[in-house]
Q: 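I'd like to ask you about the structure that follows.
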Amino acid sequence: MTQYWLMKSEPDECSIDDLARLPQQTVPWTGVRNYQARNFMRDAMKVGDGVLFYHSSCAEPGIAGLAEVASGVTVDETQFDPQSPYFDPKASRDKPRWLHVHVKLRRKTRLLSLREMRSRPELASMLLLKPGSRLSITPVTPQEWQAVLALLEP
DNA sequence: GCCAACGTTGGC
DNA sequence: GCCAACGTTGGC
């Protein structure tokens with residue numbers, strides 16, 4: 001059964017337009033350094049799951065496009081690279097800590113801003129909107145997914 | 001740049 | 001296993 005997710009990306013690092021320019025319009029979702037988010041990728045995500053591509057830590061935070069999970073988990077190589085901002089000195093090749101999936105663009109959408117999302121009662125249940133929510137990957141219910149799609153219709 | 005909320009670390 | 005200190009996130 002298809003599931004749905006919201007995944008945060010900082011546009012400085014990878015915006016929806018960056019994603020559109022990548023080969024296969026697919027990005028390795030490296031850099032996740034939170035166990036809960038990792039476990040979602042490892043234990044629950046399936047290829048083909050729907051993804052709300054969210055711009056965070058920027059002037060206009062919000063949903064910027066639709067994407068999908070394009071691979072199962074693989075080892076996140078950035079954890080071994082001392083030059084990487086995602087380097088984890090406690091990770092070893094024997095016991096990698098961090099994993100990632102690949103995410104493929106479906107389509108860019110209009111920006112559904114965080115402000116607008118907060119104003120919509122039908123989205124109030126979204127984990128992203130809960131006070132203090134910081135998780136970079138959150139599950140989205142089919143109802144929330146449909147509600148977002150409806151708001152993105154032209 | 002601020003700061004509240006939250007996760008992680010490490011001494012005990 | 002507790003919990004204080006510390007670091008990070010991310011909207012504002």
Side-chain angles (χ1 to χ4, degrees), chain A residues 3-22 26-45 49-70 73-141 143-145 147-152:
Chain A
Q3 301 180 100
Y4 304 99
W5 307 93
L6 182 144
M7 298 175 78
K8 295 181 187 174
S9 181
E10 301 188 11
D12 284 351
E13 286 206 28
C14 181
S15 70
I16 194 78
D17 292 325
D18 294 331
L19 178 58
R21 282 191 290 264
L22 285 171
T26 297
V27 63
W29 206 265
T30 54
V32 171
R33 294 295 181 267
N34 171 282
Y35 290 105
Q36 231 182 317
R38 181 203 67 183
N39 293 348
F40 282 140
M41 290 195 287
R42 187 189 61 192
D43 304 333
M45 274 190 186
D49 282 359
V51 172
L52 301 174
F53 190 100
Y54 179 89
H55 282 173
S56 74
S57 287
C58 58
E60 285 193 289
I63 293 168
L66 303 177
E68 65 186 41
V69 176
V73 280
T74 52
V75 171
D76 182 342
E77 289 293 322
T78 63
Q79 68 193 299
F80 307 125
D81 176 6
Q83 305 307 315
S84 168
Y86 301 119
F87 178 62
D88 181 347
K90 296 192 176 163
S92 70
R93 297 239 170 225
D94 289 348
K95 288 207 163 185
R97 282 190 173 187
W98 306 112
L99 305 166
H100 70 86
V101 296
H102 290 76
V103 171
K104 181 182 171 67
L105 180 67
R106 280 186 188 165
R107 64 181 172 93
K108 184 179 175 178
T109 63
R110 77 176 178 91
L111 185 83
L112 177 57
S113 71
L114 178 60
R115 205 160 48 87
E116 182 177 355
M117 292 175 74
R118 288 198 193 284
S119 78
R120 293 289 180 174
E122 65 269 37
L123 301 185
S125 61
M126 291 187 74
L127 292 176
L128 173 80
L129 303 181
K130 299 293 179 192
S133 165
R134 293 186 315 175
L135 259 187
S136 64
I137 299 176
T138 48
V140 170
T141 68
Q143 292 79 10
E144 291 160 354
W145 175 266
V148 168
L149 287 198
L151 290 169
L152 291 174

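These numbers come from a predicted model, not from an experiment. Residue numbering restarts at 1 for every chain, and letters A, B, ... go by the order of the sequence lines.
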Q: Roughly how many Å is it from CD in A:E60 to P in C:dG11, rounded to a whole number?
A: 12 Å

Q: Would you check if the side chain of A:E13 reaches a backbone N or O of A:E10 as a donor-acceptor pair within less than 3.5 Å?
A: no

Q: Does the side chain of A:D81 come under 3.5 Å of the side chain of A:T78 through a donor N or O and an acceptor N or O?
A: no

Q: Judged by modelled atom types alone, do A:T30 and A:E77 share a side-chain donor-acceptor pair under 3.5 Å?
A: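 Checked: A:T30/A:E77 side chains show no N/O donor-acceptor pair below 3.5 Å.
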
Q: Does a donor on one side chain and an acceptor on the other come within less than 3.5 Å for A:R38 and A:S136?
A: no

Q: All N/O contacts under 3.5 Å from nucleotides 5-10 of chain B to the protein, with atom names and distances to one decimal?
A:
{"from": "B:dA5", "atom 1": "N3", "to": "A:R134", "atom 2": "NH1", "distance (Å)": "3.4"}
{"from": "B:dC6", "atom 1": "OP1", "to": "A:P131", "atom 2": "O", "distance (Å)": "3.3"}
{"from": "B:dC6", "atom 1": "O2", "to": "A:R134", "atom 2": "NH1", "distance (Å)": "2.9"}
{"from": "B:dC6", "atom 1": "O2", "to": "A:R134", "atom 2": "NH2", "distance (Å)": "2.8"}
{"from": "B:dG7", "atom 1": "O4'", "to": "A:R134", "atom 2": "NH2", "distance (Å)": "3.2"}
{"from": "B:dG10", "atom 1": "OP2", "to": "A:K90", "atom 2": "NZ", "distance (Å)": "3.0"}

Q: Are the ring centres of A:F40 and A:W29 closer than 6.0 Å?
A: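 No - the distance between ring centres of A:F40 and A:W29 does not fall below the 6.0 Å cut-off.
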
